[in-house]
Amino acid sequence: MSRIDPKGVQPSGTEAGSLYASRQKVYPKAVQGRVRRAKWAILALCLTLYYLVPWLRWDRGPGMPGQAVLVDIANARIFLFWIEIWPQEIYFLTGLLVLGAIGLFAVTSLFGRVWCGFTCPQTVWTDLFMWVERRIEGDRNARIKLDAQPWGRAKLARKAAKHAAWLVIAAATGGAWIMYFQDAPTLLRALFTGGASLETYFFFGLFTFTTYLLAGWAREQVCTYMCPWPRFQAAMLDENSLVVTYRAWRGEPRGKAKAEGVGDCVDCRACVHVCPTGIDIRDGQQLECIGCGLCIDACDDVMAKLNRPTGLVAFETLANLAASDAATAGVAPGPVRQVCGMKARRPVRFSRPRTWLYAGVLGAVALVMLGAFLLRETATLAVLRDRAPIYVRLSDGGIRNAYTLKLGNRTRPETALALVLDAPQGFRLVVQEAETDAEGRPVLALHRDGITSWRALVTAPPGTRLAESTPVRFRLLDAAGRTVLDERSVFLAPK
């Protein structure tokens, strides 16, 4: 990433007039404060859920997976606690993705890039990797000094310990991810005993490597160059969105703490030193800013030491910044300017057309999904007529069509239903290998949690005058005689 020093010094690795600059390594400094505490809490929650969820159990009965959250590729099912999604219901997964996208748009319009700064997997694991790095190599100055040293036994030991810890975390991350696709206890045992499949080891290695690479090495470059979200997130923001920003009306002009006629910013660069992407928040809104807010804690700490009001860097709306700039124009730095600037501020408008639009779309999609889920069928019937031959002429002159009936049962109990054919008088229905009830109707069993196929033969008696295509209807009746499932088809005959 290209960095130009504020004093005008060009970074090493660049040439005058060149559009390319080698990456300047970022050394974020540790910081304490309310934003950092919130980030630690969210990080702990996200990691706990990620590593713990595959181990949650859910009793679905004999022969069914006991993992609460499982993408069962072998049986083409997704299990989410009591919810079971079949391949034909993949639209539910699509709906969840749509809900997530709209929710992300809505949150961004209200609070800026809080997803990027607090809950994005890249941010969460990079934070964890940097915490490990600080524990082993020290804080910012110590890491800079260590990297500048020639290679020796002490440096090699620290670097090896850091990368070993990173690899352990990456392996735990990759192992936890594949546990969402296979039973966690069984998979863990197989991984350590060599009993897992080659595909399992491949994906375990792939996710381990990508976590190690992206969180340990790429870091801020993922947010700046690889992630598409910064490119279009500006379309979700407006002048009333809360974003991390620098109150220039209060901080400018910069100067030493005891100088006369200067603002509150003492140009200590504490906000730059703690930034995980290495930018200067005082330069305004930037593509690289992920909205993590660590610069707020760093600046508040400096202001507290100087006995000055905090909030020089804060979550603020662009509308309030513009109002404060206008109110303090021509006012000398000092308490009067601060009073004018703060009085010009207005409460944040969370209710505005953009947010109502997102809320309406979010609610509509959620209602459609809820309705589709509540009205979903637990049993299905599909009738497939044989295409070759399209009909058979029997020795007595009758015409026969053959059909394949596929019965799906998405519930645990097994059910038996009677099959009835609605067709012209004289048509006869026979289902191979099916028992009949007292009325002579075929009885079809719906095996639990699966699809059952039956072979049905429909025969028109000899001498019946038939059209080339005659509508027929297959109905499945429960014990009370009510139609549970029905499917229409056609009976074909010669011209």
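Taking the six-membered ring for Trp and thresholds of 30 and 60 degrees, F111 and F350 have ring planes inclined between 30 and 60 degrees apart. Relative ring orientation between F105 and W229 is described as parallel, the plane-to-plane angle staying below 30° on a 0-90° scale split at 30° and 60°. Between W177 and Y50, the ring planes are parallel. Angles under 30° get that label, and only those over 60° would be called perpendicular.
Considering all non-hydrogen atoms of both residues, A379 and L446 come closest at CB-CD2, 4.0 Å. Closest approach of A270 and A298 over heavy atoms only: O-CB, 3.7 Å. Counting all heavy atoms, side chain and backbone alike, P253 lies closest to P333 at CD-CG, 4.0 Å. Looking at every heavy atom in both residues, S109 comes nearest to S241 through O-OG, 2.6 Å. Between A215 and T126, the shortest heavy-atom contact is CA-OG1, 3.8 Å. When all heavy atoms of L237 and G112 are compared, the closest pair comes out as CD2-CA, 3.7 Å.
Of the options Q338, R254, R247, a side-chain hydrogen bond (donor to acceptor under 3.5 Å, both in side chains) to D264 is made by Q338 and by none of the others.
Between atom CG of residue L294 and atom SG of residue C271 there is a gap of 11.5 Å, rounded to the nearest 0.5 Å. Note that the CD1 atom of I42 and the OG1 atom of T123 stand 11.0 Å from one another [nearest 0.5 Å]. Rounded to the nearest 0.5 Å, atoms SG (C120) and CG (L104) are 10.0 Å apart. The structure places CD of E288 at 9.5 Å from CD of E220, a figure rounded to the nearest 0.5 Å. Summarising the geometry, atom CD1 belonging to I178 is positioned 12.0 Å from atom CZ belonging to F202; distances are rounded to the nearest 0.5 Å. Atom OH of Y358 and atom CG of L362 lie 11.5 Å apart (nearest 0.5 Å).
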(request) Take V274 and R36 through the side-chain contact (heavy atoms from CB on, under 4.5 Å) test and state the conclusion after the steps. (result) CA-CA 11 Å; V274 301; R36 179 67 267 185; over 6 Å; no
(request) Apply side-chain contact (heavy atoms from CB on, under 4.5 Å) to the pair V266 and L306, showing each step before the final yes or no. (result) CA-CA 10 Å; V266 296; L306 297 176; 3.8 Å; yes
(request) Apply side-chain hydrogen bond (donor to acceptor under 3.5 Å, both in side chains) to the pair W125 and T173, showing each step before the final yes or no. (result) CA-CA 9 Å; W125 266 273; T173 303; 2.9 Å; yes
(request) Using the side-chain contact (heavy atoms from CB on, under 4.5 Å) rule, take S324 and R345 through it: C-alpha gap first, then chi angles, then the decisive distance, then the call. (result) CA-CA 6 Å; S324 297; R345 296 181 69 253; 3.8 Å; yes
(request) Just do the side-chain contact (heavy atoms from CB on, under 4.5 Å) check on W40 and W131 with the steps written out, would you? (result) CA-CA 11 Å; W40 283 133; W131 177 82; 3.6 Å; yes
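Remark: R352 is not positioned above the aromatic ring of W356, lacking an NZ or CZ atom under 6.0 angstrom from the ring centre and at most 45 degrees off the axis. Both the sub-6.0 Å distance and the 45° axial angle are not jointly satisfied by R337 relative to the ring of W249.
Ion pairing between a basic and an acidic side chain is recognised when a charged N comes within 4.0 Å of a carboxylate O; D147 and K159 show such pairing. Between D297 and K39, no side-chain nitrogen of the basic residue sits less than 4.0 Å from a carboxylate oxygen of the acidic one, so the salt-bridge criterion is not met. Ion pairing between K162 and E133 holds under the 4.0 Å rule for side-chain N and carboxylate O. In this structure, D301 pairs ionically with K305, as a charged nitrogen and a carboxylate oxygen lie closer than 4.0 Å.
Counting non-hydrogen atoms of other residues, nucleotides and ligands closer than 6.0 Å to NZ of K155 gives a total above 12. Other residues, nucleotides and ligands contribute only 12 or fewer heavy atoms inside 6.0 Å of the CH2 atom of W82. The environment of F373 atom CZ is dense: over 12 non-hydrogen atoms of other residues, nucleotides or ligands sit within 6.0 angstrom. Counting non-hydrogen atoms of neighbouring residues, nucleotides and ligands closer than 6.0 angstrom, the CZ atom of R34 reaches no more than 12 such neighbours. Heavy-atom neighbours of Q149 CD from other residues, nucleotides or ligands within 6.0 Å: above the threshold of 12. Enclosure of atom CZ in R231 by more than 12 non-hydrogen atoms of other residues, nucleotides or ligands within 6.0 angstrom is indicated. Open room surrounds CZ on F203; 12 or fewer heavy atoms of other groups in view lie less than 6.0 Å from it.
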Under 3.5 Å, sequence neighbours excluded: what are the donor-acceptor pairs made by side chains of residues 187-197?
unit_1 : atom_1 : unit_2 : atom_2 : d
T193   : OG1    : R189   : O      : 2.7
S197   : OG     : T200   : N      : 3.2
S197   : OG     : T200   : OG1    : 2.9

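At a threshold of 4.5 Å between non-hydrogen side-chain atoms, the residues N409 and T452 do not count as touching. Contact check for R354 versus N240: no side-chain heavy atoms found under the 4.5 Å cut-off. By the 4.5 Å heavy-atom criterion applied to side chains, I73 and Q182 are not counted as neighbours. Within the 4.5 Å cutoff, no side-chain heavy atoms of L70 are placed close to those of I78. Residues T277 and C289 have side chains not in contact (no heavy-atom distance under 4.5 Å, counting atoms from C-beta outward). Put simply, the side chain of Q122 reaches to within 4.5 Å of the side chain of L214, judged on heavy atoms. Residues I451 and W86 have side chains in contact (heavy-atom distance under 4.5 Å, counting atoms from C-beta outward). Using a 4.5 Å heavy-atom cutoff, the side chains of T317 and N320 are in contact.
Checked by atom type, the side-chain pair Y246/E252 shows a donor-acceptor distance below 3.5 Å. Side-chain contact annotation: T108 with W115, donor-acceptor N/O pair under 3.5 Å absent. Inspection of the H163 and Y212 side chains reveals an N or O donor paired with an N or O acceptor under 3.5 Å.
Applying the side-chain hydrogen bond (donor to acceptor under 3.5 Å, both in side chains) test to pairs two or more places apart or on separate chains, those with a residue in residues 62-71 are R57-Q67.
Listed for the R60 side chain is a donor-acceptor partner under 3.5 Å among the backbone atoms of P65. Of the possible polar contacts, none joining the E260 side chain to the K258 backbone as a donor-acceptor pair under 3.5 Å is found. Remark: side-chain polar atoms of R308 are not paired, donor with acceptor, to backbone N or O of D300 under 3.5 angstrom.
Partners of R113 under the salt bridge (charged side-chain N to carboxylate O under 4.0 Å, His left out) rule, at least two apart in sequence or in another chain, do not exist in this structure.
Under the 6.0 Å cut-off for aromatic ring centres, Y180 and F79 do not qualify, their centroids lying 6.0 Å or more apart.
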